[in-house]
Amino acid sequence: MDSHLATGAPRGSFRRFILVGAFNSLVFYLFWRGFIEAFSNLERGDTWAWVMGWIIGSFIAHFTHRHWTFDDRRHIAKTTMGTYLVYILGLLGSTVTYDFLLLLLDSLNLVFLITLSIWGFIDWWLLRKLVFLYSDEEE
């Protein structure tokens with residue numbers, strides 16, 4: 001997979017993040033929709049569905065981005081700790097964004113897409129610069 005992506009979407013690039021993130025987003029979306037159904041009788045069930053989907057999706061995303069988007073040069077203990085700090089910030093910020101957009105828009109799928117896009121970009125930047133310390137140079 002990596003050799004085919006290297007030309008059009010090099011490691012660490014936002015294009016690579018989007019390609020790998022498409023898989024992560026699909027997994028997140030499926031969990032989110034499932035939790036919406038499961039929490040349909042709860043007050044603010046949509047928001048709880050977002051939170052649960054984000055947590056599970058973040059766990060999966062750490063490993064997919066470590067393996068395919070960035071690299072595994074840094075020790076997994078360091079990337080795991082840093083990734084979860086980024087994802088906790090993302091969880092808090094995206095939940096506030098999600099709730100705010102629910103007040104403005106009628107489409108749950110549109111709210112999902114907008115929130116995921118905003119916080120996906122923020123996550124990529126933080127992961128690249130602070131967690132994986134990604135550089136194009138080989139060590």
Side-chain angles (χ1 to χ4, degrees):
M1 176 178 165
D2 192 43
S3 62
H4 296 295
L5 290 176
T7 306
R11 282 192 176 272
S13 70
F14 190 58
R15 288 183 303 260
R16 174 75 69 106
F17 185 82
I18 290 171
L19 290 172
V20 174
F23 168 78
N24 295 335
S25 297
L26 175 63
V27 170
F28 177 23
Y29 181 81
L30 293 173
F31 275 107
W32 172 70
R33 292 305 297 190
F35 284 125
I36 283 176
E37 295 301 318
F39 299 154
S40 63
N41 60 345
L42 293 178
E43 184 177 338
R44 299 176 58 96
D46 295 343
T47 300
W48 284 112
W50 176 268
V51 168
M52 294 304 296
W54 184 276
I55 291 169
I56 293 169
S58 294
F59 178 77
I60 294 167
H62 172 256
F63 294 101
T64 59
H65 286 307
R66 178 181 166 80
H67 184 73
W68 286 302
T69 304
F70 299 107
D71 57 40
D72 57 4
R73 288 183 273 189
R74 293 198 71 213
H75 192 277
I76 193 162
K78 290 181 181 179
T79 62
T80 300
M81 174 77 84
T83 297
Y84 278 98
L85 290 174
V86 168
Y87 286 148
I88 288 169
L89 172 67
L91 172 63
L92 297 173
S94 70
T95 302
V96 169
T97 304
Y98 181 86
D99 271 356
F100 176 73
L101 291 174
L102 283 176
L103 297 173
L104 301 176
L105 304 169
D106 282 339
S107 170
L108 279 178
N109 288 328
L110 184 58
V111 169
F112 177 91
L113 183 62
I114 292 170
T115 305
L116 187 69
S117 298
I118 292 167
W119 285 93
F121 179 80
I122 292 168
D123 283 351
W124 166 76
W125 191 86
L126 290 172
L127 290 173
R128 179 181 166 91
K129 299 295 184 185
L130 302 178
V131 175
F132 289 97
L133 305 174
Y134 188 77
S135 168
D136 294 331
E137 296 177 18
E138 293 294 327
E139 290 184 357

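- Between the side chains of Ser94 and Trp54, no donor-acceptor pair is found at a separation under 3.5 Å.
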As a quick check of understanding, evaluate ring pair (Phe, Tyr, Trp, His ring centres under 6.0 Å) for Trp32 and Phe39, giving each step before the final call. CA-CA 10 Å; Trp32 172 70; Phe39 299 154; over 10 Å; no
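- When side chains are defined from C-beta on, Asn24 does not count as touching His62, because their heavy atoms never get closer than 4.5 Å.
- A heavy-atom distance below 4.5 Å is not found between the side chains of Val96 and Leu92.
- Separating the OG1 atom in Thr115 from the CG atom in Asp99 is a distance of 9.0 Å, to the nearest 0.5 Å.
- Within a 6.0 Å radius of CZ in Phe35, more than 12 heavy atoms belonging to other residues, nucleotides or ligands are found.
- A distance of 12.5 Å separates CZ in Phe112 from CG in Leu102, rounded to the nearest 0.5 Å.
- Both Leu116 and Leu89 are assigned to one and the same hydrophobic cluster, defined by single-linkage of ILVMFWY side chains at heavy-atom distances under 4.5 Å.
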Walk me through whether Thr97 and Val111 qualify under side-chain contact (heavy atoms from CB on, under 4.5 Å). CA-CA 9 Å; Thr97 304; Val111 169; over 6 Å; no
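- Tracing side-chain contacts under 4.5 Å through hydrophobic residues (I, L, V, M, F, W, Y), one never reaches Ile88 starting from Trp50; they form parts of separate clusters.
- A distance of 11.0 Å separates CG of Leu42 from OG1 of Thr47, quoted to the nearest 0.5 Å.
- Distance check, rounded to the nearest 0.5 Å: OG1 of Thr80 to CG of Leu85 gives 11.0 Å.
- Leu110 and Leu103 fall into different hydrophobic clusters, defined by Ile, Leu, Val, Met, Phe, Trp and Tyr side-chain heavy atoms under 4.5 Å apart, directly or through other members.
- Ring orientation note: the planes of Trp124 and Phe121 are tilted relative to one another, at an angle of 30° to 60°.
- Closest of all the heavy-atom pairs between Tyr98 and Asp46 is OH-O, 3.4 Å.
- Contact check for Phe100 versus Leu105: no side-chain heavy atoms found under the 4.5 Å cut-off.
- For the pair Leu127/Phe17, a side-chain contact is recorded, criterion being any heavy-atom separation below 4.5 Å from C-beta on.
- Between Ser58 and Leu91, every side-chain heavy-atom pair lies at or beyond the 4.5 Å cut-off.
- Here the OG1 atom belonging to Thr83 is positioned 10.5 Å from the CG atom belonging to Leu130, to the nearest 0.5 angstrom.
- Residues Tyr87 and Trp119 place their aromatic rings such that the two centres sit no closer than 6.0 Å.
- Summarising the geometry, atom CZ belonging to Phe31 is positioned 14.0 Å from atom CD1 belonging to Ile36; distances are rounded to the nearest 0.5 Å.
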